There are 2 protein chains.
Amino acid sequence: MRLVIATCSVTYSGRLNAHMALAKRLLMVKADGAVLIHSDGGSYKPLNWMSPPATMRVSAPDEHQAEAGIKEVWTVSATKSDDTLKILISEIHHDSSHELGTDPGLVKDGVEADLQRLLSEQIERLGDGHALIRREHPTPIGPVDILAKGPQGTVAVELKRRGDIDGVEQLSRYLELLNRDPLLAPVSGVFAAQQIKPQARTLAEDRGIRCVVLDYEEMKGVDDADSRLF
Amino acid sequence: MRLVIATCSVTYSGRLNAHMALAKRLLMVKADGAVLIHSDGGSYKPLNWMSPPATMRVSAPDEHQAEAGIKEVWTVSATKSDDTLKILISEIHHDSSHELGTDPGLVKDGVEADLQRLLSEQIERLGDGHALIRREHPTPIGPVDILAKGPQGTVAVELKRRGDIDGVEQLSRYLELLNRDPLLAPVSGVFAAQQIKPQARTLAEDRGIRCVVLDYEEMKGVDDADSRLF
DNA sequence: CTATGTATGTCGCCA
DNA sequence: TGGCGACGTACATAG
């Protein structure tokens, strides 16, 4: 990995065009050819970048560029597309390279899996008289998060951390399919999420899908209380 | 901005828990307290990070940590939440700080907003005899990008840079809703994008939605020519 | 400030 | 390889 602090201007041309005026920034060049341009603020997203795999060519400025005080021109090209990043460097303040090796990576402790487990254990949150049939019920177009038996018949549950329209569409597709199965039909839908957006709620209710907002902390609390019994 | 190349292990605790084993990595500390942990591969996303505003506290290792060869412990805490990033440093290979100042920022060109403006001004690209009714026509499930009057009645346009299946789904929902309005009905659909994926085209045409591929550069050229008249 | 839609999204899974 | 869903999504903008 090469780290360069430079005064530079940058132009990106690819899926869109973007330009950055002359300023002092960090240029990070990774082993796989990726280039990241970071300023001293903002979140993890760089101001501009080139995704790997990519190759970088360093060239001298042309006459016009040299007059403008440009010392070096970096042209970064994506291998698989014609995306190009052009970095015009006026001054290099720092330049160092480092051998990092491959990273063992990140181990995550899941969230959605937890929510699904908790709702399975607390299936009565869907309403009185509900019983779990199974989690991850397979269908030809993907697994239904939770299938339950309710007072009025089978219930298919789509579970999200944040419920938006896409989730309602997903559940609608499952419902259409499940209702073709005479052993299951009629199957009604429940859209369960920690937060449901108004538009998603409107669409869901328009299609006869019930919305259930889940309180994760509360469910977690019940779970902890249950655990303490053993 | 401070740049540190260090052999370290990292633990994140917040909306989820995540852990990274001991390895050599780049630690970037920004002026606003943001911390980014990058390896020598991948795209612009760091392996782990803390979003600003945040504060970092450097402390000595406890006895147990010192035995494990840890020299320094960085505890990064988000200001607005209780998210925490804990970095255990075994060895520092490089450490430098740089004053960057505020960045003038990025100017983008060619996003959906630009396309929408250009298509509104060049509405005849939908076909002869089209007239703009309005942009961002509001509906209960969201705004329709462009509403126009065509030779056969009202036309609802969904605009994308890259036309994908979900865009067709979105337009379908709008059409269903708009066609319930007797003042507008019948409303036909046009799916307009710089690039339309084959599956999206198939789905759209199956639903009687017309597909229009837009040449942004060409539209931009016409726009520039128009501008020069004034 | 909240709500909502876009993104050069990126990333991982699975057929 | 391509489609699909999740993401500590981030981010800008409109209400």
Side-chain angles (χ1 to χ4, degrees), chain A residues 10-19 34-37 42-52 54 76 78 80-85 105-106 108-113 115-116 138 140-143 145 158-167 169-171 173 193 195-202, chain B residues 11-18 34 36-37 41-52 54 78 80-85 105-106 108-116 136 138 140-145 158-162 164-167 169-170 194 197-200 203:
Chain A
V10 184
T11 303
Y12 167 74
S13 177
R15 278 168 274 190
L16 58 70
N17 298 314
H19 180 75
V35 176
L36 283 63
I37 300 157
S43 186
Y44 65 67
K45 195 174 178 179
L47 291 167
N48 217 329
W49 73 93
M50 177 60 66
S51 299
V76 186
K80 294 180 178 175
S81 66
D82 54 1
D83 288 23
T84 308
L85 198 62
L106 185 74
K108 287 184 183 180
D109 185 9
V111 164
E112 171 139 347
L115 199 59
Q116 193 187 101
I141 57 170
D145 288 338
E158 178 60 36
L159 198 57
K160 296 284 178 197
R161 265 197 331 106
R162 290 158 42 183
D164 60 10
I165 281 181
D166 289 352
E169 294 287 8
Q170 199 178 337
L171 179 53
R173 290 195 296 272
Q195 185 186 32
I196 295 179
K197 294 188 181 175
Q199 293 190 353
R201 180 181 289 275
T202 302
Chain B
T11 303
Y12 165 76
S13 178
R15 276 173 268 191
L16 59 71
N17 298 315
L36 282 64
I37 301 158
S43 186
Y44 66 69
K45 196 175 180 181
L47 290 166
N48 218 330
W49 71 94
M50 178 59 67
S51 299
K80 294 181 177 175
S81 66
D82 56 359
D83 287 25
T84 308
L85 200 62
L106 185 74
K108 289 184 182 183
D109 173 41
V111 293
E112 190 183 309
D114 295 312
L115 259 184
Q116 193 187 104
E136 302 286 348
I141 57 168
V144 177
D145 288 337
E158 177 61 34
L159 199 56
K160 294 285 176 194
R161 274 194 319 103
R162 290 161 59 182
D164 219 328
I165 281 183
D166 58 348
E169 294 286 7
Q170 198 179 336
Q194 286 181 263
K197 295 203 171 177
Q199 293 194 351
L203 180 65

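Within every chain, numbering begins at 1; the chains are lettered A, B, ... in the order of the sequence lines, protein sequences first and strands thereafter. Just so it is clear, the structure is predicted and the values come from calculations on it, not from any experiment.
- Where A/K80 and B/M50 each meet DNA chain D at their nearest nucleotide, the meeting point lying more 5' is that of A/K80.
- The distance between atom CG of B/L85 and atom P of D/dG8, rounded to the nearest whole Å, is 14 Å.
- Atom C1' of D/dC7 sits at a distance of 14 Å from the matching atom of D/dC11, rounded to the whole Å.
- Look at CG on A/L36: it is 15 Å from C1' on D/dA10, rounded to the nearest Å.
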Give me the distances for all protein-to-nucleotides 2-6 of chain C N/O pairs that come in under 3.5 Å?
from	atom 1	to	atom 2	distance (Å)
C/dG5	OP1	A/Q199	OE1	2.4
C/dG5	OP1	A/Q199	NE2	2.8
C/dG5	OP2	A/Q199	OE1	3.2
C/dT6	OP1	B/K160	NZ	3.4

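- Donor-acceptor pairing under 3.5 Å is recorded for the side chains of A/Q170 and A/K160.
- Comparing the P positions of C/dT8 and C/dT4 gives a spacing of 22 Å, expressed to the nearest Å.
- For the pair A/N48 CG and C/dT8 P, the computed distance is 10 Å after rounding to whole Å.
- Formation of a donor-acceptor pair under 3.5 Å by the A/D83 side chain with backbone atoms of A/A78 is not found in this model.
- Distance check: A/D145 CG to A/L159 CG gives 5.5 Å after rounding to the nearest 0.5 Å.
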Could you go over nucleotides 10-12 of chain C and give all protein N or O partners under 3.5 Å, atom names and distances?
from	atom 1	to	atom 2	distance (Å)
C/dT10	OP1	A/S51	OG	3.3
C/dC11	OP1	B/S43	N	3.3

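- Between the side chain of A/H19 and the backbone N or O of B/L106, no donor-acceptor pair lies under 3.5 Å.
- Rounded to a whole Å, the CG atom of A/L16 is 14 Å from the P atom of D/dA12.
- Checking C/dT8 for Watson-Crick or G-U wobble geometry (two distances, each under 3.5 Å) identifies no partner in any strand.
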(request) Evaluate the criterion side-chain contact (heavy atoms from CB on, under 4.5 Å) for residue pair B/Y44 and A/Y44; output intermediate values, then yes/no. (result) CA-CA 8 Å; B/Y44 66 69; A/Y44 65 67; 4.2 Å; yes
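- Rounded to a whole angstrom, the distance from the P atom of C/dG5 to that of D/dG8 is 22 Å.
- Atom OG of A/S81 sits about 6.5 Å away from atom CE of A/M50, to the nearest 0.5 Å.
- For the atom pair OG of A/S51 and NZ of B/K45, the computed distance is 13.0 Å after rounding to the nearest 0.5 Å.
- In this entry the distance linking CG of B/L106 with C1' of C/dA7 reads 13 Å, nearest Å.
- Side-chain atoms of A/S13 never come within 3.5 Å of backbone atoms of A/T11 as a donor-acceptor pair (strictly under, hydrogens ignored).
- When atom types are taken as modelled, the side chain of A/N17 and the backbone of B/D109 share no donor-acceptor pair closer than 3.5 angstrom.
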